[in-house]
Every structure is written in C-alpha cells, then in structure tokens.
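So the structure is just underneath, and the comments pick up after that.
Predicted, not measured: the structure shown is a model, and the values here were computed from it.
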Amino acid sequence: MLSAICSNIMLNESHQRCASYGLSETEHPDFSPLGRSDLSLLVEQNRVLHTHALPVMETLYEQIVNTHNMVVLTDANGVIVHALGDADFLEKANRVALQPGVSWSEEGKGTNAIGTAIVEKKPTLVHANQHYLVANHFLTCSASPIFNHQGNVIGVLDVTGDQRSYHQHTMALVRMSAQMIENNLFAAAFDEAITLHFHSRPEFIGTLMEGIASFSPSGRFLSASRSGLFQLGLPLSALQTHTFSSLFGLPVSSLFDHYRTAAPSLLNLCLHNGVRVYARAEMRRTNMVFHNMTPLSAEQEAPAQQARPVAPARAESFDNAARRLSSLRYLNTGDAQVQRLIDKVGKVLGRDISILVTGETGTGKDLLAQAIHNDSPRSGGPFVAVNCASIPETLIESELFGYEDGAFTGARKKGSIGKILQANGGTLFLDEIGDMPVSLQVRLLRVLQDRMVTPLGSTKSIPVNVALICATNRNLRDMIAQGTFREDLYYRLNGLVVKLPPLRERTDLEVVINRLLASESDGHPCKVSAEVMRMFKEHNWPGNFRQLTNLLRTAIVMLGDDAEIGIDHLPDDFLEDISHARRREVADTVTRVVSDMTTLEDVETSVIRKSLEAHGGNVSATARALGVSRNTIYRKLHH
C-alpha cells in the first residue's frame, strides 16, 4: 500500500514537471530518430554499457518472448541505444518511435518509465494512462536505471509492451537484469583490483544478493556495488576514507595467506558494525595473484586521502565481451546437435571432470569454453585462455608454468607466475592442445595429477586448483599413433569429449545470422534479403563462424542507410565462391544426365531447370550464367 502511494506521488510530480516543460497531453511528440552515422557514434560512446548489456538483454527477452513486449536499452539521457522485441509489437512501437536513436526523456515524451527513472534515479513503472501523453496510453513500461561504480546513472533498461499484456513480475525481471549489468560493469571497471564478494548467508555468495567491494592490491577501498554499499552500511563518500583493514578488522595480508591453499574455503569476516559475513576474494588481473603481492603495512594503509581509484578498463570489443559474458543458454540457438552437446556439458559442470572440445577451426570452441566457465561454480574465478599454437615453442614452457627471477637470459625482473597459476581458483583453457610440444605434455600431465606447479628456476612447488578445458581441431588419436601426442595425457584430458558441428551442418543458420546482426549492427536494425539468405544457406562456410562474422561486419559497413543486406553489399570473393559452386553443381547435373543417355534436348532442359533453381528462379541471372537469351530459357522450358 505504501509503495503504491509513493509511486502515485512520484508520477504526480512527474506530470507537474511535464506541464512545466510546456508539453500538451494531446500533442504528437517528435519521432525523428538519429541518422545512421549519429547512431553509430552514440553506440560507440556507450560501447562498454552496450557490450555488457547485450547478453543480459537477450536473456531477458527470452523470458518474455511472445508476450507483446520489447526490451530497450538507453543511454544516460534516455536515447535508445538498442532494442529487441516481438515482431507483432514492434510495428505498434514504431508508431510512437520506440526505436534506436530516439530520445525518451521526460522533456520530450512526458511521463514514461525511461525518462522518469532517469529523473528519479529509481525503478519506475508507468502503466497505460499514467503516461502524460495520450499517444502513449496503450503502453506499459517497466524501467530500471543502471548505475556505474561511481553511483552515476549511465543508462536505463526497460521492458515496454501493450498495456493489456502487463505482468506483475516484469518489473522484478527488469530490476534483476539491471543489477546483472551493473555487476558486470563493476567487474570490468576494477579488473586490476582485489574484489570481495560477501553476504551474511554463504548460499548468497555468487548471486545477485551478494555485496561486491573492490580494493587496491595494497588494501585501499576503491568502490562497492549498490548491494555492497547497503551491506556495508555506509555511503560511498564515507567508504572512500576506509581500507580493507578498517572495514574488516584484518590486514589485507590475511587474504594472501588464505589463498595460498589449493582449495580455499569461504572467508569469515566481521564488518566494522559487528555483523559477520562470508566472503570470497578474487584477483581479476591475469598477471597478478595473491601469493606474490606485497601488501602495505597498517601505517601505510592509513592515509585515506592518498587512495586512488583504478582507471576503468578499456571499452571491450563485442567479441571479447561476448566471450566473457556468454552462457550455455545463450549459445543454444535451436540446432539439435548443439542442444545435445550443451545437455552433456551441463551434467558435468562443477564435477572436476576435464572437458575436451573438438571441431573445425572457427566453430566457436573458445566461446563454448568461456560459456562453460561462466555457468560453472568457478564463474567468480579467473578464466585464463592459452593458445598453444600461437606461442613459440621456446616460450610456451615459461608462459604456462612461470619462472623465477633470473631463470634464463631475458627473464623479466621478479619473474612471472605463468598461466596455470593465474587460473588458480578458476578455469584454464588450453586451445589447440594438439600443438603442445611432447616435452611439455609430460610436465602438464604431472601438474594435472599432483595439482602442484613448479616455476622454471625454482625448487618450490605451489598448489594449484583449476578446472581444465582443452580444444583442438586435430585428431589426437591419430597423433597418438604417430607418437606426437602422449596417450596418458589424452586419457587425462578426455573426461568428456564433445564435438562442435561445422556451420554447414547446423540447422539454426538463420537464427545465428539474426543474432549476429543484432550484436554487430550498432543498434541500427537490419536484416538479410531472401536472396542473400538463400546464398548463405547453400554456402559451405569453410571458415565457419569466423568467416560468417567477418562477412556480416563488412556487409553492415557497406549497408549505409539501407535496412536490408542485398547482393551489392557482399564481398566479391564470397559471390565468386557462390558462382563457382553453382557452376560445379550444373556441371555435375550435366554429367549425371548424360550418363543416363537421355536426349540432347532433355539434357538442355535439365541443365536450365537446375541452373534456374540455383539462381532462385531468376531467369535473367540464369540466362547470363548459361550464356543464352531469356527467350531461349522460356522456349526450352515450355516446348
């Protein structure tokens, strides 16, 4: 009851603001969206937000699909950056300009969930005639602002739909999704810090209920998530004067001692206010771990005015962010082979069973490995990927196992911990494992058996606890027979072997293409023409997803202000491949027909029909391909 009263007061105040802006309830708002170049600039300016929000939006949309709704992401000013929605509702949404490049601020669109959430800085529901403009009364909008690590609103996540399809749980889904985005942004902003995940109940560690706080390696407080601020019981400005020691009554060195063990348990800490919490700490930066860092003394920790926040991480490319944020559910796009693979993988998550992923180059083995990690109990730990084929044979040993200061000529001062120890507490992904030298295969097998790593030049073994995923496009059994891959290591790696199908064998190509377009088009909707889609389906895609992604990126650039990818937007080499394949198919048809000893006229008719089918029924294209006139085509088909 109280929340309803507060909501009504908030909406009444919003209506009063709209009147002060000079808006009329019956006026038609400005529907002019940004042009393509300006929209691309907007997406680029919000690249980090867009990158981290996109997978969450996809998941949210899957939960509300076919309910006459759409999912919307805006920038801090309420301008729509990206949108996903049901086709039947998108047509209605276009009538009120719910599309990328259009502003939904209160000043322009009156009371609405997006604009009002920005002003109020809190989740907002606006239903039907609660909208200020009569034109928007058919809508119900549930929006939640997205805050960065400094507590500033940087965007809004919104679900808008037909007011007749309103569901009371929608707002809860939106709020949880916005918090997921905030947590992902928080992690990216402090990837060089010690990040503490904590809650008074251990089962909430790793969920949206946990608090998150980041500290510099020396123990100075940097920032906390909204849930973290609530549990710490202090505002961000007050926390800036604190250190790990002053908040938890322990020196930061206690973390280093705790994480020396191979399988550390949850920490049990006492907050400054006497409340006890459980916690898990992690170091996200890949070239630093707890056991080789030197914390400050209590005296050095004290000067709060010297605390400096870590610079935010660079804006990630979509590829890198997708790898970090993907999930098995996100990768399941309808192909039966992939569905079976995901079902198998789901059964071994968290079971200490190594996974070997096979498949052709470009089928997404690295993306699958990242999704496995993200869905596993180790998702809060590091994910360290090593491409065994890209590291020179002379360096791969030091890269994997690390080395001490002075271990060899040119060694980095203070040494290096190596990729295996960087992955401690998380997942180690060894891509192209078939390219690992035989001599190192012996050392890797020993590490996997003993769970201990000895850096080069050291006599000290360090315990390590990693989940292992390997991938290869080679036939390891053939390599075993040839003596280039150790049989004992093979049977240690293949706890579960799964094979990713090549793109040409998948049945979900159209779904995959539409998802790639949504992620690559910088918020400007585009689609593939029917003729181009036929080409895509008949192509054998030797480069698999890598080839498809690069082709679509090029096509989007060539698209300009067009909304549909046509033949003119495709690269010449792809069109040549299609043309050659079609000519080969026609030649094969001729060979088969002639071998059946039919008449010459039957051969001609059969060739024409096959070529016409290959060109999607286009008579002009068929005539050009066969070097005859269109009249000849018509005459042969109707003789």
Side-chain angles (χ1 to χ4, degrees), residues 36-37 40 317-319 333 335 359-364 473 501-522 524-593 604-634 636-637:
R36 174 177 283 275
S37 59
S40 296
S317 69
F318 175 79
D319 286 344
T333 49
D335 181 78
E360 296 178 8
T361 298
T363 50
N473 61 358
L503 196 55
R504 63 183 174 274
E505 295 180 5
R506 293 180 59 151
T507 59
D508 56 350
L509 179 63
E510 192 163 345
V511 177
V512 168
I513 288 172
N514 289 332
R515 182 161 290 188
L516 286 173
L517 285 176
S519 65
E520 296 289 345
S521 59
D522 286 344
H524 197 287
C526 64
K527 62 180 181 178
V528 173
S529 70
E531 185 176 10
V532 170
M533 188 62 76
R534 281 196 298 271
M535 289 182 173
F536 285 169
K537 289 180 178 179
E538 67 182 79
H539 192 51
N540 64 1
W541 299 107
N544 292 295
F545 282 98
R546 190 173 293 117
Q547 179 188 6
L548 174 61
T549 302
N550 287 335
L551 185 148
L552 290 177
R553 285 175 177 166
T554 302
I556 290 170
V557 172
M558 300 297 293
L559 200 58
D561 292 327
D562 296 336
E564 185 174 83
I565 295 175
I567 293 177
D568 293 341
H569 304 125
L570 301 179
D572 291 342
D573 58 344
F574 175 80
L575 295 176
E576 289 174 3
D577 288 343
I578 291 291
S579 180
H580 290 159
R582 287 174 172 175
R583 285 199 291 269
R584 284 194 301 270
E585 189 172 0
V586 171
D588 291 343
T589 300
V590 172
T591 302
R592 288 194 302 271
V593 171
E604 290 178 341
T605 303
S606 179
V607 169
I608 289 172
R609 291 186 184 280
K610 194 67 180 178
S611 182
L612 191 64
E613 181 183 342
H615 288 87
N618 189 317
V619 176
S620 297
T622 301
R624 285 195 300 271
L626 296 178
V628 298
S629 68
R630 295 174 60 189
N631 288 337
T632 300
I633 299 293
Y634 289 124
K636 292 291 184 181
L637 292 176

Distance, nearest 0.5 Å, that separates CD1 of I578 from CG of L570: 9.0 Å
By side chain to side chain donor-acceptor pair (under 3.5 Å) - contacts of S620 (at least two apart): none
Steps toward side-chain hydrogen bond (donor to acceptor under 3.5 Å, both in side chains) verdict (E360, N473): CA-CA 5 Å; E360 296 178 8; N473 61 358; over 6 Å; no
Full working for side chain to side chain contact (heavy atoms under 4.5 Å, CB included) between T361 and F545: CA-CA 9 Å; T361 298; F545 282 98; over 6 Å; no
Spacing of K537 atom NZ and T507 atom OG1 [to the nearest 0.5 Å]: 10.5 Å
Side chain to side chain donor-acceptor pair (under 3.5 Å) partners for K527, two or more places apart: none
Rounded distance (nearest 0.5 Å) linking atom CG of D572 with atom OG of S579: 11.5 Å
Side chain to side chain donor-acceptor pair (under 3.5 Å) involving T333 - partner list, sequence neighbours excluded: R506, D508
D573 atom CG, neighbour heavy-atom count above 12 within 6.0 Å: yes
Within 6.0 Å of CG in N618, more than 12 heavy atoms from elsewhere: yes
Closest non-hydrogen atom pair between S529 and G566, with its separation: OG-CA, 4.0 Å
Gap separating the CD1 atom of I513 from the CZ atom of F536, nearest 0.5 angstrom: 5.5 Å
Verdict with reasoning, L517 to I565, per side chain to side chain contact (heavy atoms under 4.5 Å, CB included): CA-CA 10 Å; L517 285 176; I565 295 175; 3.8 Å; yes
N544 vs T363, side-chain hydrogen bond (donor to acceptor under 3.5 Å, both in side chains): CA-CA, chis, key distance, verdict: CA-CA 6 Å; N544 292 295; T363 50; 5.6 Å; no
Test salt bridge (Lys or Arg N to Asp or Glu O under 4.0 Å) applied to R515 - qualifying residues, sequence neighbours left out: E58, E62
Spatial distance of atom CD1 (I567) from atom CZ (F574) [nearest 0.5 Å]: 9.5 Å
E505: salt bridge (Lys or Arg N to Asp or Glu O under 4.0 Å) partners, not counting sequence neighbours: none
Heavy-atom pair with the smallest gap, counting every atom of L548 and L516: CD2-CD1, 3.8 Å
Euclidean distance, D577 CG relative to E538 CD, rounded to 0.5 Å: 11.0 Å
Partner set under side chain to side chain donor-acceptor pair (under 3.5 Å) for E564, not counting sequence neighbours: none
